[in-house]
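The block underneath contains the structure these notes are about, expressed in structure tokens.
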Protein chains: 2
Amino acid sequence: MIERDFIPADKACFEKLEAKFSAVFEPKTIDEICRHGHLKTYVADKILVDIGSSIKYMPVVLSGSIKVMTEDGNGNELLLYYLESGETCAVTLNCCTVEKKSTVRALTETESEILLVPVEKIEEWMIKYQSWRRYILGSYNQRLNEMVSAIDNIVFHSLEKRLIRYLREKVALKKNSVLVISHQDIADDLYTTRVSISRLMRKLEANKLIEQQRNRIAVLEEEKHEA
Amino acid sequence: MIERDFIPADKACFEKLEAKFSAVFEPKTIDEICRHGHLKTYVADKILVDIGSSIKYMPVVLSGSIKVMTEDGNGNELLLYYLESGETCAVTLNCCTVEKKSTVRALTETESEILLVPVEKIEEWMIKYQSWRRYILGSYNQRLNEMVSAIDNIVFHSLEKRLIRYLREKVALKKNSVLVISHQDIADDLYTTRVSISRLMRKLEANKLIEQQRNRIAVLEEEKHEA
DNA sequence: TTCATTGTGTATCGTATGTTACACACTTAC
DNA sequence: GTAAGTGTGTAACATACGATACACAATGAA
């Protein structure tokens, strides 16, 4: 147990955060985060913020996962990224300074426990805590890197490779080798059509990389099949 | 002239920055930036930082433009973005905290005047100046948005549309409707092949959207040709 | 039960783009 | 001058993917 010169305001919350962030934040910072944040649990497929809605909180994911997406001028949906345990939404951060309206939609992928941090605290803590500063900048960097690798993926890899990677990442994310998802949903995430996905899924199935039933895909162990 | 309770350490630098950033930074901040930054002018096509090199300065572009790129695991080049006047390199920012080695290559596109800010000042000023904090977070946001629109562009638009947009953006960037560039360079930036670009350039030329000679492309006025 | 909704398999076809190959003009170095 | 390097045009071909259409199974509501 860590020595402290204070009593945590909310013991349950403190311990939950400490378990996740002890390497990132000092106890004092964690305590402050607990004191101002709201801990909530959401069911799967719940829209947390939508495009155009005003943003009052920055979400920090404690468990589960969040899908963050946006729309372009033509109404096309663009998958930005998934937030996993310990992560926060970089795009939301801008709202603490400039924009007040969300440009993104965020929804839970699975049941998720989220800590809601009031936006006005974001900047305050950036002045006060080095650890918080680095957490925020680190988030931005992570997202930038993810975007770069998304572009890399799209332009240098075939749809088939992207599909396999997508399925495996999803399995890792959900910690379950059986995915409950439709071909159409996959197609949307990969910016392609249902027919193309069905065609490739058939092929993956023939190659024993997956097994599938309606709305249900079992991703089989990856042996060294790749080049 | 703005009232001040101090004498700028470097009058020439101060006035140059004030002309560009008077709406962004207070005079006091500008003065401090001048005092610690180094003003340099580089010729075109000069590599400022390369992948793997250690980063000591964050560049702020005063004039000209910088191309920022990276490489993926397979040695493929990925164009990240262009820095224009007033902008800074978000990716470099991470180096002030975590990484010390650059993951990107930055090179001048045209002759450019750059202010080099020592990395250790980045964090210091984030604590001291709200304007600096917002400038930094704003940079990140701008880059994230650009990445998103790059993805959008790639997945929802034909190569032909991307090519036209690329040429027009380049013209706006360089403030010159005649571009000195080879088909191969364009192909690299758009992640395609020289042959495809040549093919499309022929078509654009037939449609009177451009005129070209070896290494030289004149982008003609855009009238309402688009859908 | 019946019906509507949703998810999937499959065929047919068009086309944009990548691949490879070669000719040839321009530029620069020698 | 010649030669090497670089930039461009063009043809022939392969192919991945998108578009469209239709059949049919599974699901769930009435």
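Convention: sequence-line order gives letters A, B, ...; per-chain numbering from 1.
Separating the CZ atom of A:Arg199 from the P atom of C:dT10 is a distance of 12 Å, rounded to the nearest angstrom. Going from atom CZ of B:Arg162 over to atom C1' of C:dG18 covers 14 Å, rounded to whole Å. One atom, CG of A:Leu159, and another, P of C:dA16, lie 19 Å apart when rounded to the nearest Å. Atom CD1 in A:Ile217 sits about 11 Å away from atom C1' in C:dT8, given to the nearest Å. The interatomic distance linking A:Gln212 (CD) with C:dT10 (C1') rounds to 14 Å, in whole Å.
The shortest distance between the side-chain N/O atoms of A:Arg202 and the OP1/OP2 oxygens of C:dT10 is below 4.0 Å. For C:dT8, neither phosphate oxygen OP1 nor OP2 lies less than 4.0 angstrom from any side-chain nitrogen or oxygen of A:Gln213. Contact annotation: B:Ser158 side-chain N/O to C:dA16 OP1/OP2 distance is not under 4.0 Å.
The pair A:Asp188-A:Arg194 does not count as a salt bridge, with every side-chain nitrogen at least 4.0 angstrom from each carboxylate oxygen. Note on A:Glu120 versus A:Lys56: no salt bridge recorded, every NZ/NE/NH1/NH2 to OD/OE distance being 4.0 Å or above.
Both B:Glu205 and A:Ser196 lie close to DNA chain D; mapped to their nearest nucleotides by heavy-atom distance, the more 5′-ward contact belongs to B:Glu205. Judged by closest nucleotide on DNA chain D, B:Arg216 is the one of A:Arg214 and B:Arg216 placed further toward the 5' end.
You'll find a donor-acceptor pair under 3.5 Å spanning the side chain of A:Arg194 and the base of C:dG9, going by distance alone.
Distance CD/B:Glu113 to OH/B:Tyr42: 11.5 Å, rounded to 0.5 Å.
Within a 6.0 Å sphere centred on CD of A:Glu71, other residues, nucleotides and ligands contribute more than 12 heavy atoms.
For the contact set between residues 178-189 of chain A and DNA chain C, defined by any heavy atom under 4.0 Å, the members are A:Ser182, A:His183.
Protein chain B contacts DNA chain D over a range whose 5' and 3' limits, counting nucleotides with an atom under 4.0 angstrom from a non-hydrogen atom, are D:dG5 to D:dA12.
Here the options are B:Glu146, B:Glu169, B:Lys170, the test is side-chain hydrogen bond (donor to acceptor under 3.5 Å, both in side chains), and the partner is B:Tyr82; only B:Lys170 passes.
Listed candidates were C:dA11, C:dT17, C:dT6. Nearest to the side chain of A:Val195 is C:dA11.
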